[in-house]
Amino acid sequence: MMSGTRVQSLEEACDAFVSWLDRRVVAAGRGDGLDRLEGAPSGTFWLGRLACEEEVRKGANDERSERLDPCAIGIRLRPAEAAPWSMTVTVRTRAWVRDPKEAGPDPDRRWWRTGLGEEEIPIVGGADGGTFGAKQLRDAFAAVGAPGLTAEVRVEVEDWHKETELVVQLVNTSPEKASGLTDSHIYETELQLVGLATRPFQLEALPDSFRYDRNVPAYGINVGIEVLAPGMFRTTDTVTMQTHRPDYWNSDHPQPDLSFDTLANDPIPALAALLSALAEYDDEHWSPPALDVRQMSDNWTPQMRAEADKSAVEVFAERDRLRAGLDLLRTQPEIRRAFQLMNKAIARSAKGRGYSTWRPFQVGFLLSAIRCLAEPDAEADYVDTVWFATGGGKTETYLGLLLTAAFFDRLTGKRTGVTAWSRFPLRLLSLQQTQRFADALGGAELVRTEECIKGAPFSLGFLVGQAGTPNKIVPKPERDDEITPDSPGMPEKYRVLLHCPFCRDENLRMKFDRQRWKLEHHCTNPACPWGRRALPMYIVDQEVFRFLPTVVVGTLDKAASIALQQAMRGLIGPPQKICSVEWHGFTYATRSKSPNGCLVPGCQGTLKALPMPEERFGPSLRLQDELHLLRDSLGAVDSHYESLLDDLQNNLCGSHTKIIASSATLTGYERQIDVLYQRKGRVFPQPGPRTGESFWTVRKTNRLRRFVAVAPRGVTLEHVSDRTLDALQRCVRELVEEPSRVCTEAGIDPAHVYELISLYGTDVVYGSTLYDVEAAGRSLGSNNTVNGINIEQLTGQTDFDEVRDILERLEKPEDKFEDRIHVIAASSMLSHGVDVDRLNTMVMLGLPLTTAEFIQTTARVGRRYPGLVYVLHKIGRERDAQTFRHFDKYVSQGDRFVDAIPITRRSRRVLALTIPGVVAARTLMIREPASKQRLSTPAMLRQYARDSGLTPAEEAAAVASILGLDGPEDSLHQEQIVEWVRDWFADLEDPTSTARYIGDLGNPSPMRSLRDVEAQAPIHD
Ligand SMILES: [Zn+2]
Ligand SMILES: [Zn+2]
């Protein structure tokens, strides 16, 4: 630590504080440092303890209950030589003893902790194993004041494996009950072993295992194993895995200047330097001679070599794509200008936020994707997936591409309309994420004005489920859920932006403008470059349709509206006309409420022609965030709606939109893309030659997160979670109250106290289910030893405005520590787009269902400063027990543990739900505009069907073809479609039908949300 006059950095102080926190939590779990206790130690401690064998055997006597309250800890090894084996085992342990009633020195705290027993036990074992040290340990317990306790070291030889394995265990052999014995548990146990030559285990082979170090020196039994020196092993109560912050340049060449300013001025030289460094790296690591060398040195099997060869092909293809991107920038002036303007805009929106340059991989992605501007049709065949296992900056990368496309659109005559529709898979879209989109577009808009680029201002639309913002605002409500300008909470309740995208001022004012019929954000800063106008942000669905903002961000489930809402046309193709009244915007098909097609209630305007050719209205990009969440039924439903969107856009504009996705996992993405989008998958960046290392990233020494695996013993998971949070809160309060003592103890420069209190004063407790989260919140409130812990919940159930308030409190904590949020109890809602640098400690209640969720959730802490994550294993569950066993590999090679994504588009149950939407959307989006009349009622549609000669067979064939279910193997699906369409026709033709609107025809009605199907329910073909 501090030496001489060198000043400790904040980063170093954080490291030291995290180590101290972890020592304190582990101590709380083991009972270290205590001398007396009021309640029973067996109901208090969760680490280091061992129940007695007799009790465990008498219990359920299965592996599961043994894990929950084990009687042994041990080390599993592979001896390098044959029997006999000799080694020295050191056992450390203590006991707790209860004084007789009122006889002890402290009648309120009758339990006392004995001194440490430490015994060196020499072991010489043959092929039969044996038991050792029983007498020595019995005497040791007696010597520290706990007579009657016994333990032994047991050596078992397992030679039915491919190679012989030795299991060396410390077993608590005490009697369950004996006179004078007050607790048959032993505590603070530890086993150390030296003197045995061993060979490592090999972690089971998995695809492309050539990337990974598969050696495991030893396995722990109910514990972790630390290798102190070669051949020297020690058990640990928790398994700790430290990860390190990546660096984004891995080449001997100097990193080219990829600052926004440089790329705005003259992008080519820096990009060429980037590509030549990449080329050199790829040759060095992926050329056949390079792979030959590794095959030799790492003992690759032919299968591993084949995997490596396959990866090399992908790597070189990626390099070619980047080169092609650079050529386009060189040769196509409009693309280059759009790219430069984008950089100028990003430079603006990043100003004052501490970054002014791209990371190389972000630029790599932009180069690889830019071809979609030059050859949209050819490129639309591929879905480009950005894979972010190791680095942040995903949203910024998206935004780079998105702004380039937006500028390119304006430069090539698309004066208005949607450039990109960006979808997030959750019900509630993160406000922080939305804000970043708004900021980028704000920067772009300022650049657009400066450069006198023609067209509508760049703007942002927010299209989410009704839980977020209104679908429309009506003058008089006809139903309870309709919102009027005078509804409670209007307009302030619907504020979406956290600050002004142009000047960052946080004093925004919401206003409903009755004249323009708009729900507006206004900046109150008199010096704002945007001036006094409403900010270019549309949060009401109908305003999104009226103004067709440049970028629409929203939740995935909104795609369902395509079958319900004719004005959704603006998101895939042209609206009908534009209203003559200023600020009324685009118009659509006429309805009784909008007799002239204008969506503003009571509009008296006339209709004008569209300002640009119809085919230019189709968006160039559809973005899908968190692709890996599109699985099971949600994925199946979405796959049908994606096909529908594609077909409609093709019909209306003759164009195909490019799809860009991001994903935390790579396993099986090709198949997932094929199922979801009926396109080919491509991923960027290609994984590197070794885990955690590629041209784009390399590990640095700076600490990222300390993962601590905990297998609770003998007490409930809730108890452990409460006690862990309690210890974390106690520690930070000690820092508040006794800073100098804590600084000395933890080795911290007192200059950093204020920051540390802020950075480690709010803990996250994370549960995969709402039930877990709510239980955690309740139980902590009643089970803590520290007073005044303020708990808030962040789940899918948390109200929109409450989420906003909580985020604001986290970003800008109250001055006094006691007023702040101390614990956030969160569900997966937290994992998506909540980026708060102050969240640095987390307690996870059991492993999440998927590894992707684990990766993503834990990435919420330690974003800028060293993080600390306790993963409490539900150790009774087989999967948790397996993961605990190789926790370090699980963390370091997590991407390899990511399970393939279960998804199909051939579910007939899902098809039954989606056919109605496809048919309804075709009526709204294609038949109605083609008919030049209203087709909103069955009578009108019936007439149209007759006049146009529409037949059930034709419609069914069209539906099957749209959904990609027209092959010979899909005959059952085709029959299902034919039947449904036939019934729909019968309904249509039935003069006695009670259907009022076309959506009432057929059964069921079109889905109102893609979430109408239970997202995680497994489905089959
Ligand atoms: Zn402003
Ligand atoms: Zn109008």
Side-chain angles (χ1 to χ4, degrees), residues 345 348-353 416 431-432 434-450 456-460 462 472-475 485 491-492 495-549 565-567 569-570 574-611 808 934:
R348 287 241 167 171
S349 71
K351 207 173 260 170
R353 295 187 188 188
T416 181
L431 294 178
Q432 288 176 313
T434 308
Q435 182 71 49
R436 285 199 228 143
F437 277 75
D439 291 349
L441 283 161
E445 174 54 18
L446 293 177
V447 169
R448 189 192 67 83
T449 347
E450 273 167 31
F458 288 136
S459 55
L460 180 65
F462 186 73
K472 60 181 172 186
I473 292 169
V474 299
E492 200 51 44
R495 177 174 162 186
V496 169
L497 293 179
L498 307 167
H499 59 242
C500 170
F502 298 97
C503 71
R504 297 289 152 69
D505 197 295
E506 285 162 13
N507 296 307
L508 298 183
R509 195 168 55 87
M510 294 301 293
K511 174 182 166 194
F512 185 77
D513 185 323
R514 283 175 194 263
Q515 190 93 44
R516 295 173 173 178
W517 209 253
K518 273 172 75 220
L519 180 53
E520 300 172 337
H521 286 72
H522 284 261
C523 176
T524 57
N525 172 9
C528 180
W530 182 250
R532 309 207 58 86
R533 298 169 279 170
L535 297 174
M537 169 82 188
Y538 304 101
I539 59 171
V540 178
D541 291 7
Q542 290 217 336
E543 288 179 31
V544 171
F545 307 141
R546 281 162 56 198
F547 301 107
L548 298 182
Q565 168 59 271
Q566 42 102 14
R569 242 181 99 187
Q576 220 147 37
K577 300 273 179 185
I578 192 161
C579 182
S580 62
V581 182
E582 205 193 2
W583 289 106
H584 280 199
F586 293 112
T587 68
Y588 295 87
T590 60
R591 291 290 181 264
S592 56
K593 292 269 178 53
S594 47
N596 63 353
C598 176
L599 297 171
V600 175
C603 167
Q604 302 290 319
T606 53
L607 303 185
K608 298 192 299 186
L610 293 174
E808 216 164 282
R934 241 161 98 182

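Start at 1 and go down the list; that is how both ligands and their atoms are numbered.
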Note to self: So, at under 2.8 Å, which protein N, O or S atoms would a careful student list around the Zn ion (ligand 2)?
What the structure shows: C579 SG, H584 ND1, C598 SG, C603 SG
Margin query: Just verifying a value: how many Å separate L497 CG and L535 CG, rounded to the nearest 0.5 Å?
Written below: 6.5 Å
Next item on the list: Not counting sequence neighbours, list each pair that qualifies as a side chain to side chain donor-acceptor pair (under 3.5 Å) and has a residue in residues 527-543.
Entry: D541-K558
Checklist line | Spacing of N596 atom CG and H584 atom NE2 [to the nearest 0.5 Å] | finding: 9.5 Å
Next item on the list: Please tell me if the side chains of P529 and C503 come closer than 4.5 Å, counting only heavy atoms from C-beta onward.
Entry: yes
Checklist line | Any S580 side-chain heavy atom under 4.5 Å of L607 side chain | finding: no
Item checked: Atom pair CD (Q604) and SG (C598), whose distance is rounded to the nearest 0.5 Å -> 10.5 Å
